[in-house]
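The next block holds one structure in the form of structure tokens; read it before the comments.
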Amino acid sequence: MTNDYSFQDIEEKWIKKWQKNDVFNVKKDQRDSYFVNVAYPYPSGSMHVGHGRTYTLPDIVARYKRMDGYNVLFPMAWHVTGTPVIGISRRIKEEDEDTLDIYKNLYGVPEEKIGDFKDPLEIVNYFSDEYKKVMTRLGYSIDWDREFRTVDDEYNSFIEWQYRRLKDKGLIKKGTHPVKYCPNDENALGDHDLLEGEEAGIEDFFLIKFELDNGDVLPCATLRPETVLGVTNLWIKPSGQYVKVDVGEERWIVAKKAIAKLREQGWMVEEIEEIKGEELIGKEAETPRSESVPILEADFVDLDVATGVVMSVPAHAPYDLIALKELETDIFPKKVIDLEEYGDVPAQKMLEKYNVSNQIDDSLEDATEELYNKEFNNGFISSGFEDYSGLDVKSARKQIGEDLVSSDLAEKMYEFDQKPVVCRCGEDAVVKVLEDQWFLDYSDRSWKQKTHDALRDINLIPSDIEKDFDHAIDWLEEWACTRRVGLGTNLPWDKEWIIEPLSDSTIYMSYYTISKLLKDVDGDLKDELFDYLFLDKGDVSEISEKTGIEKTKIKEMKEEFEYWYPYDYRFSAKDLIPNHLTFQLFHHTALFDEEKWPQGISVLGMGLLEGEKMSSSKGHVVLLENAIEKYGSDTVRFFLVENAEPWQDFDWRENDVKSTQNKLMHFWDNIEKYLSFEDFSKNLEKIDYWLLSRFNERVKKTRESLENHQTRKALQNAFYLFRKDLGWYKKRTNIDREGAKWCLNKVSREWIKLLAPFIPFIAEEVWSKIGDSFVSEEAFPRVESEYINRKVEFEENLLREVREDVNEIINVTDSTPEKIYLYTSSQWKDDLIGLIAQEDDFDQGKLMGEIMKRDEFKKRGEEVNRILDDLIEIVREHNEYMEYASSVDLGEVLEGASDYLEKEFDCDIIVTNEKNPVHDPQNKSKNALPLKPAIYLE
RNA sequence: GCGGGGGUUGCCGAGCCAGGCCAAAGGCGCAGGACUUAAGAUCCUGUCCCGUAGGGGUCCAGGGGUUCGAAUCCCCUCCCCCGCACCA
């Protein structure tokens with residue numbers, strides 16, 4: 001029994017055998033190639049069950065395709081590029097408690113090893129080893145000979161080549177770019193470097209210049225430049241520390257705190273003198289439209305946001321309106337945006353709606369947000385504003401902003417969209433504008449078009465995501481592709497910069513085709529080599545000369561690339577559609593010929609744990625290693641892919657996993673038993689043909705599902721539904737028969753292969769009892785159409801219905817029958833249903849007319865009328881089988897199953913025809929219908 | 001606001017594109033039974049409501065429509081999730 005088996009033992013055993021026989025290490029041969037790949041992991045922590053699913057799905061597809069005759073490549077590598085691991089390493093150095101807790105307690109890193117993590121590469125080494133161990137343990141059919149890391153020299157050469165070629169094509173350009181920055185560390189900050197404000201974004205403020213009569217400039221910060229049309233006054237915090245500064249030719253007045261920000265963003269700022277906010281109150285300032293407005297006091301002004309100088313637009317800003325009211329001025333709001341049903345002072349409407357009566361009311365925030373959104377999306381500029389009147393707010397904002405900037409009446413400044421943003425060192429972060437930032441120019445029109453074109457020919461799973469891709473392609477603009485810090489490849493022509501992670505992971509799938517051969521190459525990986533391999537340019541001899549690599553080696557690499565590429569399917573998480581998955585499309589279209597563009601993309605959903613989102617930082621995860629330890633690899637694999645379709649979110653429920661394990665163990669027992677039924681004669685009965693037919697239907701559905709990566713549906717058919725079929729079969733017949741044993745043996749041989757991609761260890765173990773080969777290399781079951789027998793299936797369905805009917809009667813009457821009489825229908829009724837079955841229109845009147853043309857029915861007119869409804873119902877119910885209706889002899893079917901029925905109901909079964917029933921005290925026999933016998937119990 | 005995906009029987013989730021075979025697969029949970037010294041596991045039966053004869057009723061977010069017939073097609077409304085934008 002099950003207890004004799006240990007899944008750990010068979011896992012180790014088969015992993016060794018596969019390795020020894022190089023089952024998954026592949027190279028070009030005569031077979032068709034099939035290249036499956038998945039986003040390479042960033043190994044900075046332990047794998048949880050969610051990761052397990054990401055790699056199990058491609059493995060199942062790889063295993064299926066391998067068994068189906070393809071030469072399948074499934075490679076793996078390590079994405080080490082970027083900053084996360086550097087941050088982790090620093091935090092460990094600083095003995096950050098949370099970090100140490102996760103690494104020691106959750107991930108179980110040994111105490112003595114933790115010290116090594118002060119070197120970021122050590123973290124990567126440690127966890128990539130662990131990943132590899134777990135992946136191997138799960139039976140992934142990976143070709144490990146092709147493994148690499150993105151910090152390897154060869155890979156760096158490959159990335160350098162890629163970037164030089166992109167630059168040649170004019171797809172990389174230079175510009176400025178705002179980043180989070182720590183003035184103390186003098187470093188750009190990634191999310192992992194922040195104590196607070198990881199989620200903070202950066203937004204574009206306009207600094208609109210208002211002039212005092214002495215020529216000093218008050219740069220008012222606003223996100224809504226269009227509202228400058230409705231300014232009634234300025235706000236200054238009276239207690240605030242302001243400062244006069246020289247900025248180029250101009251003298252500005254800004255919050256003291258703004259000086260550092262302005263400097264980081266490229267302004268030359270020279271401090272002249274400090275002033276208090278109250279000194280400015282009461283003065284007049286001139287708007288860019290040469291109107292004069294007063295400077296008033298307001299405590300809500302935040303000196304920490306941009307310049308700390310604010311303009312007031314009371315008609316459209318609830319804050320401004322309420323502040324003016326509290327000051328009891330006679331300033332009247334000036335409307336600039338028309339918004340339906342909001343009247344002359346939309347802000348007033350919002351104050352009323354939210355019932356706001358003072359400046360410190362919390363709902364002011366909501367009122368502001370609602371009004372801003374409404375105006376932005378539905379508002380139009382009011383009349384009386386020259387060129388701008390009638391514009392929708394979206395366009396007006398853009399237009400007015402540009403106009404102000406181009407006439408030097410405003411400048412642009414960046415600021416965080418939330419505060420605080422704090423560096424791990426404790427210093428407040430600021431926005432720094434990086435000069436000389438390099439961008440991938442995804443806004444390039446023809447590049448976008450080409451990428452859209454590529455998308456048209458890609459198999460997308462699920463197909464709905466095509467729209468998301470189109471959207472992403474259109475939406476992407478310039479992408480800042482380099483960073484100052486982190487691991488990775490330096491930008492070849494500007495070594496100060498490092499190519500960031502999303503930008504160095506775009507065409508590496510092609511690199512897998514040569515990575516193994518490259519390892520034995522000792523030579524200079526010049527661009528010409530990659531040009532030749534990937535772009536088919538240049539001459540082998542010359543390249544061999546130049547690089548010092550043997551010609552045969554180069555040719556071999558070229559052949560491998562041509563053989564495997566393009567890839568057939570790439571798997572990746574759904575949330576990477578807007579960036580990585582779209583980027584890799586862009587880069588393929590930019591660099592490769594059309595015939596090398598991606599063939600398929602399959603996206604994966606997220607993982608839940610007992611219905612809740614998983615989270616490593618909260619400890620709400622199940623580590624993959626622990627799950628394997630507890631349930632075994634087969635169970636984990638099986639559960640991960642049967643729980644939901646790949647693109648849907650799956651839910652790891654301990655209870656269900658347990659139940660899955662039990663089912664598999666039971667399956668294991670049974671199938672070994674069936675496989676031991678060798679050498680029995682093929683002496684088959686009807687029910688055996690039924691089982692063979694069902695099995696082949698299940699094979700058909702399984703194949704179809706797997707082609708579409710519907711692993712859940714595949715397993716429903718390959719496992720759960722066929723199990724049900726077997727259950728019926730075992731109840732229906734005596735399986736100690738010769739024929740039954742032959743049949744079970746025959747089906748089991750195929751069944752184990754059908755499940756081999758999902759549960760490779762059990763499959764190999766069981767298979768080894770009957771064959772010398774690896775089941776992983778056996779042929780995946782094909783549909784044997786000679787065994788598909790619709791008529792037998794139909795007859796079996798009819799029998800089930802009879803059983804259900806009898807059961808229902810027993811339940812309703814609460815009786816225990818000693819005899820069950822089944823009356824089949826008279827010949828004329830059978831003829832009648834045959835006639836009805838030929839019609840495709842079930843209109844009663846028309847049918848009746850048709851029927852009454854025949855004398856045999858006409859003479860029974862009344863009876864025909866009585867049962868016509870039921871007959872139509874029967875025809876409808878069995879629609880897909882009606883072609884067999886006339887050839888089925890229900891009496892024979894029931895007689896043939898009487899052993900079963902007698903056993904099932906523990907009583908005698910008597911089958912007769914309604915024409916001369918043996919015993920019919922209640923005159924039930926007249927209810928007999930074709931395909932549905934009348935029943936009498938006593 | 002834009003784009004995408006959804007709301008199904010206690011729960012998870014099929015079905016919907018190609019309307020009738022749908023009271024609606026499968027799993028989980030629950031109930032009863034078999035096995036067992038017992039527990040677990042396994043197996044069987046049941047699991048919307050009514051019903052002492054295989055029947056009837058109600059149902060697939062809500063409302064309306066098309067059709068002989070709608071969970072499935074069309075229109076409207078409400079709600080949820082994801083991405084993005086916008087905004088504070």
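Since the structure is predicted, the reported quantities are computational estimates derived from the model, not experimental observations.
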From [atom1] of [X] over to [atom2] of [N], roughly how many Å is that when rounded to an integer?
| X | N | atom1 | atom2 | answer |
| --- | --- | --- | --- | --- |
| A/Asp870 | B/G54 | CG | C1' | 12 Å |
| A/Met665 | B/G40 | CE | C1' | 15 Å |
| A/Phe469 | B/G83 | CZ | P | 16 Å |
| A/Asn807 | B/C44 | CG | P | 14 Å |
| A/Asp575 | B/C82 | CG | P | 12 Å |
| A/Asp649 | B/C80 | CG | C1' | 14 Å |
| A/Ile577 | B/G3 | CD1 | C1' | 12 Å |
| A/Glu645 | B/G6 | CD | C1' | 16 Å |

Which of the following nucleotides, [options], is nearest to the side chain of [X]?
| X | options | value |
| --- | --- | --- |
| A/Arg803 | B/A41, B/U45, B/A53 | B/U45 |
| A/Gln922 | B/G3, B/A53, B/C12 | B/A53 |
| A/Tyr936 | B/G4, B/A53, B/U45 | B/A53 |
| A/Thr813 | B/G83, B/A85, B/A53 | B/A53 |
| A/Val812 | B/G51, B/C44, B/C84 | B/G51 |

Against A/Ser693, only a single residue in A/Glu793, A/Arg790, A/Arg698 fulfils side chain to side chain donor-acceptor pair (under 3.5 Å); can you say which?
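That would be A/Glu793; it is the only one of A/Glu793, A/Arg790, A/Arg698 passing the side chain to side chain donor-acceptor pair (under 3.5 Å) with A/Ser693.
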
Reading 5' to 3' through nucleotides 21-34 of chain B, protein heavy-atom contacts under 4.0 Å coded B for base, S for sugar-phosphate only, - for none:
B---BBSSS-----

If you assign A/Lys731 and A/Ala644 each to the RNA chain B nucleotide with the nearest heavy atom, which residue ends up on the more 5' nucleotide?
A/Ala644

Please figure out whether A/Ile935 or A/Asp204 has its closest RNA chain B nucleotide nearer the 5' end.
A/Ile935

Determine the Euclidean distance between corresponding [atom1] atoms of [M] and [N]; express it in Å to zero decimal places.
| N | M | atom1 | answer |
| --- | --- | --- | --- |
| B/U9 | B/A24 | P | 15 Å |
| B/A31 | B/A41 | P | 13 Å |
| B/U72 | B/G19 | C1' | 6 Å |
| B/U45 | B/C35 | C1' | 15 Å |
| B/C43 | B/A23 | C1' | 26 Å |
| B/C79 | B/C86 | P | 25 Å |
| B/U36 | B/C30 | P | 24 Å |
| B/G55 | B/C21 | P | 15 Å |

Measure up the A/Phe300 and A/Trp235 rings against each other and bin them: parallel (under 30°), tilted (30 to 60°), perpendicular (over 60°).
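Ring orientation, 0 to 90° scale: perpendicular.
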
Aromatic rings A/Tyr884 and A/Tyr881: how do their planes relate, parallel, tilted or perpendicular, breaks at 30° and 60°?
tilted

Mind checking if [X] touches a base, just sugar-phosphate, or nothing, with heavy atoms under 4.0 Å?
| X | answer |
| --- | --- |
| A/Leu937 | base |
| A/Lys713 | nothing |
| A/Ala934 | base |
| A/Pro933 | base |
| A/Asp468 | sugar-phosphate |

Side chains of A/Glu645 and A/His709, donor plus acceptor under 3.5 Å:
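No, because no side-chain N or O of A/Glu645 sits under 3.5 Å from a partner of the opposite role on A/His709.
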
So what's [N] paired with, Watson-Crick or G-U wobble, going by both distances under 3.5 Å?
| N | result |
| --- | --- |
| B/C73 | B/G65 |
| B/C84 | B/G1 |
| B/U42 | B/A34 |
| B/G19 | none |
| B/G55 | B/C50 |
| B/C28 | B/G10 |

Do [X] and [Y] make the cut of ring centroids closer than 6.0 angstrom?
| X | Y | value |
| --- | --- | --- |
| A/Phe7 | A/Tyr631 | no |
| A/Trp479 | A/Phe586 | no |
| A/Tyr674 | A/Trp751 | no |

What residue pairs, at least two apart or across chains, pass salt bridge (Lys or Arg N to Asp or Glu O under 4.0 Å) with a residue in residues 900-910 of chain A?
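Pairs touching residues 900-910 of chain A that pass the test: A/Arg803-A/Glu904.
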
If I compare all heavy atoms of A/Glu477 with all of A/Tyr442, which pair ends up nearest, and what's the gap?
O-CB, 3.1 Å

Main chain of A/Ile759, side chain of A/Arg637: is a donor-acceptor contact present, judged purely on distance under 3.5 Å?
no

Looking at [X], does any N or O in its side chain come under 4.0 Å of the phosphate oxygens OP1/OP2 on [N]?
| X | N | answer |
| --- | --- | --- |
| A/Lys574 | B/C81 | no |
| A/Gln648 | B/G6 | no |
| A/Lys730 | B/C44 | no |

